[in-house]
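The next block holds one structure in the form of structure tokens; read it before the comments.
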2 protein chains.
Amino acid sequence: MGVAERKIREKERKRSTMLDAAESILLEKGLDHLSMEDVAGKAEVSKGSLYQYFQNKNDLVLGICYRATHLLNESFKEVLESNRSGLMLVRELGERYLNYVKDHPQYYSSMKFLDNLHSSGVGGESDYLELCTQNRQEGFRLMVEAIQRGIDDGSIKNDFPAEQLALLFWSTSHGVVTISYMHQNYEHFKLLERIGMQENELFNAYMHILGCGIAANT
Amino acid sequence: MGVAERKIREKERKRSTMLDAAESILLEKGLDHLSMEDVAGKAEVSKGSLYQYFQNKNDLVLGICYRATHLLNESFKEVLESNRSGLMLVRELGERYLNYVKDHPQYYSSMKFLDNLHSSGVGGESDYLELCTQNRQEGFRLMVEAIQRGIDDGSIKNDFPAEQLALLFWSTSHGVVTISYMHQNYEHFKLLERIGMQENELFNAYMHILGCGIAANT
DNA sequence: GTCATTTATTGACTCGCGTTCATTTATAGG
DNA sequence: CCTATAAATGAACGCGAGTCAATAAATGAC
């Protein structure tokens with residue numbers, strides 16, 4: 001009988017509705033002003049119902065983060081389907097990351113939330129935590145793969161193992177993307193304006209410098 | 001009469017005591033578990049008294065952040081007193097930044113707090129906000145100066161204006177430092193271990209790559 | 001269709017914490 | 001001393017996360 005399965009599907013659908021609501025509030029109000037009551041209201045359920053689908057507020061936000069990391073990984077996978085040089089793939093990954101943050105600021109802030117969680121012992125019990133971490137690891141693996149391909153095809157020099165270069169690329173692009181995010185979403189952050197720099201200039205300069213550092217001399 | 005001045009000194013001393021208390025709690029419990037009651041307790045005053053010296057919790061944390069940014073700037077200024085090549089100064093700034101985060105994680109988390117504040121409209125009224133922002137701008141200027149010196153003395157190539165390179169250096173080192181911070185302070189963040197990388201290796205690789213990108217060809 | 005049982009939903013309640021304020025206490029000047 | 005001003009206090013408030021006993025809905029047996 002398909003009753004049990006239908007129930008599971010139904011439950012998943014409701015959970016998804018709640019995540020949609022949470023996402024839209026995250027987008028318009030930001031993490032600080034995301035309240036469970038607002039989410040319940042927007043999802044047209046009671047506050048108590050939320051807690052049937054999510055263990056707590058962290059779990060809810062990590063539910064969004066799960067979507068976020070998954071989407072980013074899908075985008076990265078698309079890049080790796082191309083057969084361009086590894087160096088070009090790396091550049092494309094960076095570009096995707098930047099655009100991703102621009103297009104989905106609510107996803108980016110949920111990922112920041114994940115980063116901050118690892119501190120306070122644990123995230124106060126959330127099943128999504130492990131899933132998010134796995135997704136992040138997969139994202140990292142995709143970066144490693146791009147770089148490894150670059151080393152193999154000779155477009156990236158092999159001064160460092162692929163994993164180390166990937167971590168470096170991860171860290172630095174994280175920093176650049178953060179600045180870019182602040183520029184776009186924080187009213188009072190006008191550093192780029194002050195030095196008369198366009199946003200894509202920042203990215204291009206980053207890629208230029210990085211390129212000088214990792215590209216094989218041809 | 002020196003009564004008025006003594007009162008001002010006295011007030012500043014108390015404020016400082018409260019900040020000390022807040023700092024130590026921030027260090028041992030982290031931002032999430034920093035409560036005004038705890039701070040009041042540790043500073044041996046009532047909760048209400050805190051609000052005579054700080055406008056609200058944000059203001060208190062930004063008070064710490066003011067110390068944090070000031071200390072970092074002092075460290076940077078020390079570097080600039082040397083007359084080594086600009087490129088070496090930049091490297092030294094990066095190293096200082098990294099060690100700073102290692103030695104004063106509570107300061108670093110207060111700076112993260114400042115970064116996150118700029119979102120929610122404003123930081124909910126805090127006189128320290130402006131001061132912190134000014135300090136950050138001064139820190140940036142110090143980076144610009146190091147790079148400009150490098151361009152002038154020929155150790156850094158002049159593909160980009162100093163401000164743009166500084167922003168790039170700022171962003172990327174921010175990213176690297178963040179990873180480093182997570183590695184040290186977050187129990188479950190074991191990315192470095194997983195790929196068998198030492199922390200100083202990450203920094204050295206960063207500087208190597210960056211060096212290739214910005215050093216003048218000699 | 002009816003009923004018993006399991007499952008889902010609800011909103012009033014608790015609780016912690018940031019913030020306020022009327023009251024009390026300390027200090028300064030005359 | 002006495003009055004006026006400033007500082008300190010902790011009870012009280014509001015808001016939002018999380019809980020739970022009561023209620024409603026769905027399911028399966030007959």
Side-chain angles (χ1 to χ4, degrees), chain A residues 1-18 21-22 25-26 29-64 113 116-117 120-128, chain B residues 1-18 21-22 25-26 29-64 113 116-117 120-128:
Chain A
M1 84 178 64
V3 173
E5 291 98 52
R6 197 202 67 213
K7 277 210 156 185
I8 290 177
R9 261 205 324 278
E10 190 73 3
K11 187 147 186 166
E12 218 44 57
R13 203 185 49 75
K14 281 209 173 183
R15 190 196 298 270
S16 187
T17 304
M18 291 170 177
I25 289 175
L26 181 58
K29 294 193 182 175
L31 240 179
D32 316 327
H33 298 97
L34 178 82
S35 78
M36 292 302 264
E37 264 176 282
D38 278 2
V39 174
K42 187 144 230 161
E44 293 176 320
V45 294
S46 73
K47 193 165 45 151
S49 263
L50 275 187
Y51 284 89
Q52 189 122 17
Y53 292 84
F54 300 96
Q55 299 166 275
N56 47 45
K57 192 179 171 183
N58 284 353
D59 194 40
L60 177 66
V61 177
L62 289 179
I64 298 176
F113 178 77
N116 287 328
L117 256 197
S120 33
V122 72
E125 302 314 311
S126 162
D127 292 339
Y128 278 115
Chain B
M1 81 179 69
V3 173
E5 290 98 50
R6 197 201 65 213
K7 276 211 156 184
I8 290 178
R9 261 206 323 279
E10 190 73 4
K11 185 147 185 164
E12 217 45 55
R13 202 185 50 74
K14 281 210 173 183
R15 191 197 296 271
S16 187
T17 305
M18 291 170 177
I25 290 174
L26 181 57
K29 294 194 185 177
L31 241 179
D32 314 328
H33 297 99
L34 177 82
S35 78
M36 293 302 264
E37 260 175 284
D38 280 0
V39 174
K42 186 144 231 161
E44 292 176 322
V45 295
S46 73
K47 199 165 41 155
S49 262
L50 276 186
Y51 285 88
Q52 191 122 18
Y53 293 83
F54 300 95
Q55 300 166 274
N56 47 47
K57 191 179 171 183
N58 283 354
D59 194 40
L60 176 66
V61 178
L62 289 179
I64 299 177
F113 179 76
N116 286 329
L117 257 196
S120 35
V122 72
E125 302 315 310
S126 161
D127 291 340
Y128 278 115

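Every chain is numbered from 1, with letters handed out A, B, ... down the list of sequences.
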Shorter than 3.5 Å, N or O on both sides, protein versus nucleotides 16-20 of chain C: list them out with atom names.
residue : atom : partner : partner atom : Å
C:dG18  : OP1  : B:L34   : O            : 3.4
C:dG18  : OP1  : B:K57   : NZ           : 2.8
C:dG18  : OP2  : B:M36   : N            : 3.0
C:dT19  : OP2  : B:Y51   : OH           : 3.0
C:dT19  : OP2  : B:K57   : N            : 2.8
C:dT19  : O4   : B:K47   : NZ           : 2.5

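- Rounded to whole Å, atom C1' of D:dA17 lies 14 Å from atom CG of A:D59.
- Residues B:L62 and B:L117 meet the side-chain proximity criterion, which asks for heavy atoms closer than 4.5 Å.
- Contacts with DNA chain D (heavy atom under 4.0 Å) in residues 10-18 of chain B: B:K14, listed by number.
- Pairing each heavy atom of B:L34 with each of B:V61, the nearest pair is CD2-CG2, 3.9 Å.
- In this structure, CD of A:Q52 is placed 13 Å from C1' of D:dT19, rounded to the nearest angstrom.
- Within 4.0 Å (heavy atoms only), A:F54 reaches no atom of the nucleic acid at all.
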Mind listing the side-chain donor-acceptor pairs of residues 10-18 of chain B below 3.5 Å, one per line with the distance, residues two or more places apart or on another chain?
residue : atom : partner : partner atom : Å
B:E10   : OE2  : B:R13   : NH2          : 3.1
B:E12   : OE2  : B:R15   : NE           : 3.1
B:R15   : NH1  : B:Y53   : O            : 2.8
B:S16   : OG   : B:R67   : NH2          : 3.1
B:T17   : OG1  : B:R13   : O            : 3.0

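- Close to D:dA26, at under 4.0 Å from its OP1 or OP2, lies no side-chain N or O of A:R6.
- B:S49 has a side-chain polar atom (N or O) that falls below the 4.0 Å cut-off from OP1 or OP2 of D:dT9.
- In this structure a side-chain-to-backbone donor-acceptor pair under 3.5 Å is missing from B:E125 to B:Q55.
- As rounded to whole Å, 10 Å separates atom P of D:dA17 from atom CG of A:L60.
- Taking the side chain to side chain contact (heavy atoms under 4.5 Å, CB included) definition, one finds that B:K42 meets it with B:A21, B:S24, B:I25, B:E28, sequence neighbours left out.
- Between the side chain of A:E37 and the main chain of A:K47, no donor-acceptor pair closer than 3.5 Å is present.
- With sequence neighbours excluded, the residues that form a side chain to side chain contact (heavy atoms under 4.5 Å, CB included) with B:S46 are B:S49.
- Atom OH in B:Y53 sits about 14 Å away from atom P in D:dA6, given to the nearest Å.
- No side-chain donor-acceptor contact under 3.5 Å links B:K29 to the backbone of B:S35.
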